[in-house]
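A note on names: the letters A, B, ... follow the listed sequences, proteins ahead of strands, and every chain is numbered from 1.
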Amino acid sequence: MKSRHKRMVFIVVGLAALAGAVGLIMNALQSNINHFFSPTEVHANAAPTDRSFRLGGLVEVDSVQREDDGLTVHFRVTDNAETVPVTYTGILPDLFREGEGVVAQGKITSDGVFMADEVLAKHDETYMPPEVAEALEKAELAKAEAANGATAVEPAAVQPAAQPQEGI
Amino acid sequence: MIPEIGHYALILALSMAIIQSVLPLIGAQQAKASWIAVARPAAQGQFAFVLVSFGCLTYAFITNDFSVQYAASHSNSQLPIEYRIAAVWGGHEGSLLLWALMLAGWTFAVSILSKNLPDEMVARVIGVLGLVSVGFLLFLLLTSNPFDRLIPAALDGRDLNPLLQDPGLIIHPPMLYMGYVGFSVAFAFAIAALLSGRLDAAWARWSRPWTTAAWCFLTIGIALGSWWAYYELGWGGWWFWDPVENASFMPWLIGTALIHSLAVTEKRGSFKNWTVLLAIIAFSMSLLGTFLVRSGVLTSVHAFATDPARGVYILGFLAVTIGGSLFLYAVRAPSVSKGGEFSMLSRETLLLSNNVLLVVACGTVLLGTLYPLLLDALDMGKISVGPPYFNSVFVPLMMPLLFLIGLAPFVRWKKANLGELARLLRWAFCVALVVALLLPFTMGEWHWMVSLSLLMAMWIIVTAMLGFIRRVKRGNGLKGISMSYYGMQIGHLGMAVFVIGVAMIGGYQTEKDVRMEIGDVTTVGGYTFRFDGVVEQAGPNYQATRGYIQVMKDGKNVMLMHPEKRIYNVQTMPMTEAAIDSGFTRDLYVSLGEPVSGGAWSVRIYHKPFVNWIWGGCALMALGGLFAICDRRYRIASRQRKEAEKRKMATANQGSSGDVTGTAAVAREAKA
């Protein structure tokens with residue numbers, strides 16, 4: 001074969017391989033990316049209902065309940081503005097604690113319970129998952145803004161609206 | 001006082017590195033013998049100073065000198081001595097100092113093991129390594145000085161993260177860094193060759209053992225990291241596609257491509273440009289890995305943006321190194337002569353395919369690792385790319401690669417005959433196919449994925465045996481086989497062993513989380529586990545809850561396993577210590593979850609078939625590399641070359657004939 005022909009063949013084969021790889025990658029990325037949502041975003045219906053995502057925040061204090069089988073755990077994840085109930089079956093990581101940061105991966109059911117198939121906690125005492133830290137900050141900011149805006153217009157209206165939320 | 005000596009030694013090392021890079025590089029360019037002669041002593045001096053500096057930091061850790069900020073944040077007086085030493089590289093500053101030490105060590109090795117290379121070439125290699133040293137020493141001194149004092153001194157240290165208090169951590173980072181940093185030698189050889197314009201087969205031969213050595217260390221380092229994650233993190237996985245893991249895996253993929261491409265350049269003189277480019281990319285990947293792990297971008301892109309000194313420095317260093325070397329490549333590459341011709345079916349083509357597959361695989365890992373960072377930096381939402389992405393992209397790319405491993409050693413250089421290959425290998429393929437189809441049934445269940453992986457593994461094993469037999473028959477017995485042939489086959493067999501481990505784990509592992517009261521039994525993988533309660537126990541720097549689990553098989557007691565839950569005194573951090581019974585064909589893995597109620601615990605029990613084959617395979621790969629380095633021809637060739645050059649000088653008017661005799665002598669000696 002002439003060397004020019006050969007080079008053409010190589011280029012064509014190379015491009016075909018590249019196209020194949022790009023196809024694989026795009027396909028894999030499409031179906032395997034996990035987006036991160038905070039409880040506030042979940043309440044605003046920003047999270048998908050048909051596919052899995054990551055939910056992060058703090059484990060609400062006094063919210064952890066264990067079923068009799070010893071493995072199924074219910075707890076609530078909060079960003080100090082909204083909360084989402086979570087159910088998980090399995091052994092929780094070492095650093096899972098009430099009042100500490102957590103990231104759970106799973107799907108949300110139609111009745112608003114997040115069924116986690118993986119629960120991740122931080123690696124050491126001082127470290128907070130970055131997504132969680134940011135979600136908390138955002139919620140804090142939004143709350144402060146809402147409070148400011150509300151005081152200016154109608155201070156009393158905010159409190160009752162916020163009150164029932166705590167009971168969920 | 002000692003820390004100040006360490007700091008001062010570091011500054012001296014920097015000055016030495018500047019001399020080591022500037023004088024030899026200019027000297028080599030202008031053919032000044034006296035400047036070229038500076039290279040070796042300067043490199044050795046730099047190594048000595050970095051070693052002193054590292055020794056001083058280690059001393060501060062051993063003597064619990066908590067007036068050193070870095071020691072105060074990463075050690076503690078209760079910490080056992082071996083972990084105090086390991087804590088030296090347990091944090092950012094110390095691990096960078098280790099990086100610098102490794103780099104100086106590799107340079108030192110080049111300076112003493114390169115007696116047979118032309119001095120000018122050695123000067124350039126050492127000069128380029130010196131430039132890299134300057135970059136890292138400056139980084140240490142400007143942004144991450146490990147000798148910074150803490151005034152007033154801390155009463156006690158904040159302790160090493162308990163996860164890192166493990167024998168695996170004592171050896172894992174040094175091995176990994178040896179590999180990372182080792183690619184700087186391959187890089188320096190490539191840049192030296194570009195600078196001198198002498199990009200030939202001899203260059204490939206010099207650079208090959210160094211590259212293989214770095215690759216061996218990296219292989220061992222990654223395997224140790226994976227093993228550590230397996231037994232220390234307490235959930236029994238061996239690879240998580242975590243960005244930190246990916247950072248070490250990308251240089252490995254490119255390094256693997258590089259050692260194969262170097263083979264073509266050495267044997268056939270082809271792929272020269274490509275090989276140089278791979279050497280540059282391999283080192284760039286090492287630097288990128290260092291950047292990802294050390295700059296804090298992984299923890300948070302935004303934290304990185306608010307305290308950018310370190311990250312920006314590495315990014316700048318990365319840009320200068322990669323940009324500079326690619327620029328040099330662009331200027332010099334077009335003038336490089338073409339190598340030998342080869343046809344569509346030849347060993348060259350197959351090795352090229354190997355390279356393409358490995359580079360694409362590296363690209364997919366790179367994309368999966370950087371994509372979330374990119375989106376986050378652009379404020380386009382937070383995402384994570386999980387293992388499913390990597391698995392679904394990686395596995396289809398690796399299958400053809402595994403097939404090529406079995407095939408390529410039988411294919412001739414330059415041009416091969418398809419019919420002849422098919423006749424030669426059809427039985428090997430049939431044997432592999434039958435074994436792969438039947439073997440899964442012995443495990444109880446048939447999965448196509450397991451079968452396919454086993455087919456590839458068996459194909460590699462059967463063809464390696466066939467190739468070996470043919471060599472023995474053709475040559476004069478075992479003596480006729482070169483070390484590098486052994487090396488290649490051992491490395492490839494290691495890959496097969498690794499694939500078997502991965503396939504078996506993927507198909508047949510059993511994981512069970514159960515709630516167990518005292519006396520409860522559960523059966524996993526043919527073994528029965530009985531929970532006999534827990535006992536409180538004190539360790540050197542932790543309190544442990546020690547579980548008693550009796551393992552039985554066929555009604556007989558086999559062993560007692562002791563998983564632990566530890567609370568470390570200083571950081572009050574809980575840690576799960578899994579109990580693992582390692583075996584040739586399976587591991588039993590037990591870890592304690594948490595106390596649930598009335599003396600009951602949640603317990604995690606795993607049966608992991610063939611899991612040790614994963615790391616065993618890696619060890620075999622590294623062993624193969626070691627065999628390849630030991631091949632006689634590297635030493636003979638360089639000696640011959642030196643002699644040829646001497647002769648050349650003696651009979652200056654017949655220079656070219658001297659070269660010819662040299663090559664003929666190599667060929668003669670190789671045959672003998």
query: By a 4.5 Å heavy-atom criterion (distance strictly below it), what part of B:Leu357 contacts chain A: side chain, backbone, both, or neither?
result: neither

message: I need the full list of side chain to side chain donor-acceptor pair (under 3.5 Å) pairs touching residues 364-374 of chain B, with sequence neighbours left out, sorted by first then second residue.
response: B:Asn246-B:Thr369

task: Could you tell me whether A:Glu98 atom CD has more than 12 heavy atoms of other residues or ligands within 6.0 Å of it?
output: yes

field: Atom group of B:Pro396 that falls short of 4.5 Å from chain A, counting heavy atoms
entry: side chain

- prompt: Do you know the tightest heavy-atom contact between A:Leu71 and B:Arg515?
  reply: CD1-N, 4.0 Å

message: Quick check on B:Leu375 against chain A: is it the side chain, the backbone, both or neither that has a heavy atom closer than 4.5 Å?
response: neither

A:Arg54 side-chain N/O to B:Ser384 backbone N/O, donor-acceptor pair under 3.5 Å: no

task: Step through the shown structure and confirm whether more than 12 heavy atoms of other residues, nucleotides or ligands are within 6.0 Å of NZ on B:Lys414.
output: no

- prompt: Can you tell which of B:Asp513, B:Val514, B:Leu397 has the highest number of heavy-atom pairs within less than 4.5 Å of chain A?
  reply: B:Asp513

query: Quick one: CD1 on A:Ile91 to CH2 on B:Trp601, what's the gap to the nearest 0.5 Å?
result: 10.5 Å

field: A:Glu140 atom CD, neighbour heavy-atom count above 12 within 6.0 Å
entry: no

statement: If one checks every heavy atom of A:Ile33 against chain B at 4.5 Å, the contacting part turns out to be both

message: Quick check against the 3.5 Å criterion: does A:Asp94 have a side-chain atom that pairs as donor or acceptor with the backbone of B:Thr576?
response: yes

